[in-house]
There are 2 protein chains.
Amino acid sequence: MKIPVPGQPVRGSKTGQPIMALLDLLGRSWAMGIIWHLYSGPSTFRDLQEYCESISPNTLNTRLKELRECHLITRTMDGYSLTEYGVELFELLRPMGSWARHSWAKSFENDNQT
Amino acid sequence: MKIPVPGQPVRGSKTGQPIMALLDLLGRSWAMGIIWHLYSGPSTFRDLQEYCESISPNTLNTRLKELRECHLITRTMDGYSLTEYGVELFELLRPMGSWARHSWAKSFENDNQT
DNA sequence: AGCTTTGCTATTAAAATTATAGCATCATGA
DNA sequence: TCATGATGCTATAATTTTAATAGCAAAGCT
């Protein structure tokens, strides 16, 4: 799968608008989950595999490569880890956690209606 | 594809933590793109098809169903439109636009090094 | 030297996505 | 009233992603 880079054609934008490149990148399976997880600290490949219960090593490796080429994660002696950019992005993602829990999840409470 | 609902097992969480359900939902092709686009106003099915250059009607329809069941979009007389929740979510997504443009995209400028 | 952990590759199967054609419904206008 | 066009899809088949599983090479104990 082609790695989405700002300035190059990506899913959703022929001119590669940065936001579209980002949405393309993050809209791949496990991409956001990996970032979410790494915020709590560096992880080895096997740790990530375990965390992402159903990911295959191929997909994990592909995703890690993409995120590395896009400067969001890097390899350290402790394993994979967020870069400065990765942390910035996580901080934009973080509010989604409380919103999901406190606002969005509530909207499902009455779903068993007629 | 199973629709991710908070409280039910989803990709990344057997107990269905809301954030994991949300990341599962948004990590599907075009999901965030659709939300991003609809913020600028309601769109017909065909409009969305055109906007998402390479989406197939099957996928678009699947995605629309998912987003509807998850209360993020709804159908109005003007076409598909964000719900209150959809708007809230967009507002969490929005900062990613300027971050992608002003911060992240810059990180690619020196990529043609050795 | 053996055993374990780690990061991955290889292979195959299943699932998601695309590409394309086209249908049924509705509104408009001649 | 009949054609015309727009709309919201469905059907089908091809292609691409992802998952599932096995296992190997390198490195680090003991």
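So you know, we letter chains A, B, ... as the sequences are listed, proteins then strands, and number each from 1.
- Checking T59(B) against F45(A), the closest nucleotide of DNA chain C that is more toward the 5' end is the one next to F45(A).
- When the nucleotides dC9(D), dC8(C), dA19(D) are ranked by their closest atom to the side chain of P57(A), dC8(C) comes out on top.
- In this structure, R63(B) reaches the dT17(C) phosphate: one of its side-chain N or O atoms is under 4.0 Å from OP1 or OP2.
- The separation between M1(A) atom CE and dA15(C) atom C1' is 14 Å, rounded to whole Å.
- Taking the six-membered ring for Trp and thresholds of 30 and 60 degrees, W104(B) and W99(B) have nearly parallel ring planes, at less than 30 degrees apart.
- The residues K106(B) and E109(B) are annotated as not salt-bridged, no charged nitrogen and carboxylate oxygen being separated by less than 4.0 angstrom.
- In this structure, T44(A) reaches the dG7(C) phosphate: one of its side-chain N or O atoms is under 4.0 Å from OP1 or OP2.
- Not a single donor-acceptor pair under 3.5 Å links the side chain of T74(B) to the backbone N or O of T83(B).
- Not a single donor-acceptor contact under 3.5 angstrom links the side-chain atoms of N58(A) to the base of dT21(D).
- Among the atoms of the strands shown, none is found under 4.0 Å from any heavy atom of L60(B).
- For E53(A) and Q49(B), each mapped to the nucleotide of DNA chain D holding its nearest heavy atom, the one lying further toward the 5' end belongs to Q49(B).
- Taking atom CG on D78(B) and atom P on dA6(D), their separation rounds to 19 Å, with Å as the unit.
- Closest non-hydrogen pair, K2(B) versus P9(B), comes out as NZ-O, 3.6 Å.
- Taking side-chain N and O atoms only, S56(A) has no distance below 4.0 Å to OP1 or OP2 of dA20(D).
- Two residues, D47(A) and R11(A), neighbour DNA chain C, and the one matched to the more 5' nucleotide by heavy-atom proximity is D47(A).
- Straight-line distance from the CD atom of E50(A) to the P atom of dC8(C): 17 Å, rounded to whole Å.
- Within the structure, every side-chain polar atom (N or O) of Y80(A) is placed at least 4.0 Å from both OP1 and OP2 of dT6(C).
- In the set dA11(D), dC8(C), dT18(C), the nucleotide with an atom closest to the side chain of R46(A) is dC8(C).
- Here N61(B) does not reach the OP1 or OP2 of dG8(D): none of its side-chain N or O atoms lies under 4.0 Å away.
- A sub-4.0 Å separation between OP1 or OP2 of dT17(C) and a side-chain N or O of R28(B) is absent.
- Whole-Å rounding puts the I55(A) CD1 to dC8(C) C1' distance at 13 Å.
- Side-chain nitrogen and oxygen atoms of W30(B) include at least one within less than 4.0 Å of the OP1 or OP2 phosphate oxygen of dT18(C).
- Side-chain heavy atoms closer than 4.5 Å link hydrophobic residues (I, L, V, M, F, W, Y) into clusters, and following such links, even through other members, never connects M1(A) to I35(A).
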